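Computed from a predicted model, the values in this text were never measured in an experiment. Here is how names work: the chains are called A, B, and so on, in the same order as the sequence lines, proteins then strands, and each is numbered from 1.
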Amino acid sequence: MRGLEFQGLSSVSGPIIILKRREEVGFGEIVTVRDGRGESKTGRVVDLSCDYAAVQIFGSTTGISTETASVEFMERPMELLLSRGMLGRIYDGLGRPADGYTPSFSSNFRDVNGEPINPYARVYPQDFIQTGISAIDGMNTLIRGQKLPIFSGSGLPHNRLAAQIIRQARLLKEAESFVMVFAAMGVKYDVARFFIKSFEESGVLSQVAMFLSLADAPSIERLITPRCALTAAEYLAFDCGMHVLVVMTDMTNYCEALREVSSVRGEIPSRKGFPGYLYSDLSSLYERAGKLQGKDGSITQIPILSMPNDDISHPIPDLTGYITEGQIVLDREMFQKGIYPPVAGLPSLSRLMKDGIGEGMTREDHKDLSSQLFAAYSKAKSVRNLASIIGEEELSPLDKNYMAFGDSFEENFLTQGENENRSIDQTLDTGWKTLSSLPRDELYRIKDELIAKYLPKERR
Amino acid sequence: MIEGRIVKINGPIIKAAGLESCGLYDVVEAGEKKLTGEIIRIEGDTATIQIYEDNTGMRIGEAVISEERPLSAALGPGLVGCIYDGIQRPLRDLYVQSGAGLAPGVKAPALNAEKKWRFKPALQAGDMAGAGRVIGTVQETELLLHPVFPPPDFPEEEITFIAEEGEYTIEDRIAVARSGREIRLAHYWPVRRPRPYREKLGMSEPLITGQRVIDVFFPLSKGGTAAIPGGFGTGKTMTQHAVAKWCDADIIVYIGCGERGNEMTDVLREFPEIKDPRTGRSLMERTILIANTSNMPVAAREVSIYTGVTLAEYYRDMGYGVAIMADSTSRWAEALRELSGRLEEMPAEEGFPAYLPTRLAEFYERGGRVTTLEGKTGSISIIGAVSPPGGDFSEPVTQHTKRFIRCFWALDRELANARHYPAISWLDSYSEYAEELAGFWESVNPNWAVSRAEALELLKKEQRLAQIVKLIGPDALPDTQRLVLLAAEMLKNGFLQQNAFDDIDMYSSPEKQVLILKLIMDFYRRALDIIKKGAPLLKIRALKSPGDIMRVKSRAANNDAGAIRELERKMNTEMDALLEEYKK
């Protein structure tokens, strides 16, 4: 039925249109709708019955009339044209070139929904990525093939942090560098501009494929944008053997688009009006990170999401945290204190860290050291709370040690310049230095041999 | 063969006409791609079907063919060591067949039909056979003897033929009854129907997990049910992995239900290399994995739990102790919610269907310790992870689960933030099995009950003091109370916290667990005595033994009780010397 257009719709309601079903319509198939002026829009069949088909339009339905609109069924799911030439290009939210050049020469179309990866085919990610940022390398190590989101809030420097990771990320053992896929969903033009500029400055623009669905694009388009980006990433990683870093910002806008569609379709909402399948839907994106048996490439995901009202228990960060392998949480209080990057020490976590660090990967003392730093910092925080009530003078000598440690940890270990690229050795040595303000007995999570070897001499 | 036509498609829920003569929960093949589905409702001539695979491209009018049998698991030798998806498709074979992506419609038999098993008959022609009568055995793995039974619904009957000892595939006929019924090495059993047993038994034996906070404080018994609720990042999966690795069950069924793909890969990578401390064999030789990760079809997630329990019941019926890890039951409940929403059912709490508690109860009740049809004792222990949204335990899945389990390991966000693992809160957790298991622990060490009660009491005291400390600081407290803080600190760091990556600390034998606990409590008692005689706490802090006691968990090997006793002597010597000073 490709090439045939059918005139007339039964109803239009927000992004959903309903029309008489034609014989050969398949579930999930792509539909092109032309309004009275000939402007065309893309949609997808989301519901089918004997008489009617419901189509969700990725774009604005303004101006569509039930009489003059015409519909063409494309007999294929939403697809993306793939080639190596995607690097260095800019696409719109539906994967169409948006930089004024022609589409790449290729006949390699692929369904943007991908296929779920067979867990048996996965390779457990274990390669340490050095980001040059102590708060990440030392405490919440990023691993190649991981999905590690940044939980942020409006006004916090998540974009600067993401840009710094992109500039500095490299593997210790291999010379290969990363290529990037960047998906922007509902962010302001300035934010996209900031990333483009940062890619330009570090000279990697030709290594980035960008999918931009900016704030002024129809919100529903955002449901497709990350899928296009990940399909491109899968092609680059598993067909071309590249190591791909995918940055997706802002996932909150994606989830809100999903809620919008769900409410128009009259589905039963679960928490905060989000559909009950938000978890499954998000995992269909996040689970597309990883490494596969017999393939050279890998996909590492850094989704960025802003927590509404800085609330980490909001459904979006909550469900994301249940799927991703850890999270980097940015903290407003630390930001206000002038700490950059304001990575909250305790709620941040990297689940894959345990197998990617230690002897032969980073350094033998990394595991014990980071565990000790976590424990000591947690203690320092509770001492700080105490001090705010009873006053610093009333603290015991040991507690004062902890106060000093907390300050030194934040000032020397966590804080660093936006262009400062620390090697893992520098990071770990700084960690030991901050620990040296504590008595030797307090280092109970570190093996004696390691203390003897790494603790700065004057403190042993 | 009954054939119907698709009349409506709404995601994984479709409706088909012409299937009115099929039974509820019968399996169908739907559409051109022959996707597996299950009939979940029949109204008039329309059947509602849930599809276990991605059905993009499916059209109205395509054929639906009923297999006229309910969704069933294939049960026979060869299950152990395999990784399946929610509807028991072997993921290893699917990978070989169709690569890294799980394409809709790919199929592979659950059990290898070509592999030959050495069968030893236990009966002769003319003997009676029936449910619960062993007709022979197969050595499934080096350790696992697999008795071969007729299916549980096989009537008691005389057999006219039985195969001689030799090599057979699961499809070969190994016995024939007078009525002509055949018995093979494998049979099918509907996953939603619990397998029969003779009677349920009480609990008396603990499931030793090697995790101190669990075994000593909140023990689980063989055949018991436990829940691990916790927000993200609190270590549900880590705890499940640790229990799956070290618990003394004969068979582990690990159900990865709606969780991360890499976690299953982690198990696949790690388990074959870890040796079971009891048998010295690879852990994979006792493990079956069911992986229906979060990005795999949601309907198959719903059924994965039942598939897992059915496999567990099969091994229970042989008289084995089976432990099920279900990670996570919340994802399963969400699958129920999603499907219920698509069925347009009236929702109860938070959009969950009203039958959620019933389904949870049915699942947990399939656990237990039983006398099998054969007369042996087998057990299924169920450990379900719960992922409450926002870490809030008042949500429906956690609340309903609490009604059907007797052991509650609550994970605590603050402990996890301080990287205190396992982050099992000693204040919110409970185990109703502790009393039933006292007998076992008394035989390990008669001090168990006293030390345990004292330690729990101490931790409660510390909790109350911590409130005061928050307001006025620890220095305002008298030394006796500050000693409570010190001793609680030692309990937390030296006993409750356990490093899953430390070669020695990752598994603690029951003997070692009680010895360490007793050592800490003895330290507390002696120190208290000396402080009451007038010694300042500083003197106690200055001793060498508190630091050593906190580290002994990762220094003394499991069979090295001597090292702990030695430390006990040292501690007593130090205390004696101190006591001498303040005697007057």
So does B:Arg541 pair up with A:Asp441, basic N to acidic O under 4.0 Å? no
Salt bridge (charged side-chain N to carboxylate O under 4.0 Å, His left out), that's the test. Do B:Asp392 and A:Arg271 meet it? Break it down for me. CA-CA 13 Å; B:Asp392 172 13; A:Arg271 275 202 306 157; over 6 Å; no
Find the distance between OH (A:Tyr124) and CD (B:Glu263) and round it off to the nearest 0.5 Å. 8.0 Å
Which portion of B:Val298 sits near chain A, non-hydrogen atoms under 4.5 angstrom: side chain
Let me know if B:Ile83 has heavy atoms under 4.5 Å from chain A in its side chain, its backbone, both or neither. side chain
In short, A:Ile446 meets B:Arg551 closest at the heavy-atom pair O-NH1, 3.7 Å
Where is the tightest heavy-atom contact between B:Val469 and A:Leu386, given as atom of each residue plus distance? O-CD1, 2.8 Å
For B:Arg419 and A:Arg445, the nearest pair of non-hydrogen atoms, with its separation, is O-NH1, 3.3 Å
Cut-off 4.5 Å, heavy atoms of chain A, and the answer for B:Lys236 is side chain
Could you tell me if the side chain of A:Arg122 sits less than 4.5 Å from the side chain of B:Asn262, heavy atoms only? yes
Closest heavy-atom contact between B:Thr265 and A:Val123? CG2-C, 3.9 Å
Which atom of B:Ser294 lies closest to which atom of A:Ile323, heavy atoms considered: OG-CG2, 4.4 Å
Using only heavy-atom distances, determine whether the side chains of B:Thr237 and A:Arg351 contain a donor-acceptor pair under 3.5 Å. no
Segment of A:Gln126 engaging chain B (4.5 angstrom heavy-atom cut-off): side chain
So for B:Met550, is it side chain, backbone, both, or neither that comes closer than 4.5 Å to the heavy atoms of chain A? neither
Checking heavy atoms, do the side chain of B:Pro90, its backbone, both or neither come under 4.5 Å from chain A? neither
Please name all residues satisfying side chain to side chain donor-acceptor pair (under 3.5 Å) with A:Ser262, sequence neighbours left out, ordered by chain then number. A:Glu267
State, to 0.1 Å, how close A:Pro119 and B:Thr293 come at their nearest heavy-atom pair, and which atoms those are. CG-CG2, 3.9 Å
Test log, rule side chain to side chain contact (heavy atoms under 4.5 Å, CB included), inputs A:Tyr444 and B:Asn493: CA-CA 9 Å; A:Tyr444 50 86; B:Asn493 289 324; 3.7 Å; yes
Could you tell me whether B:Arg555 and A:Asp448 have a side-chain N and a carboxylate O separated by less than 4.0 Å? yes
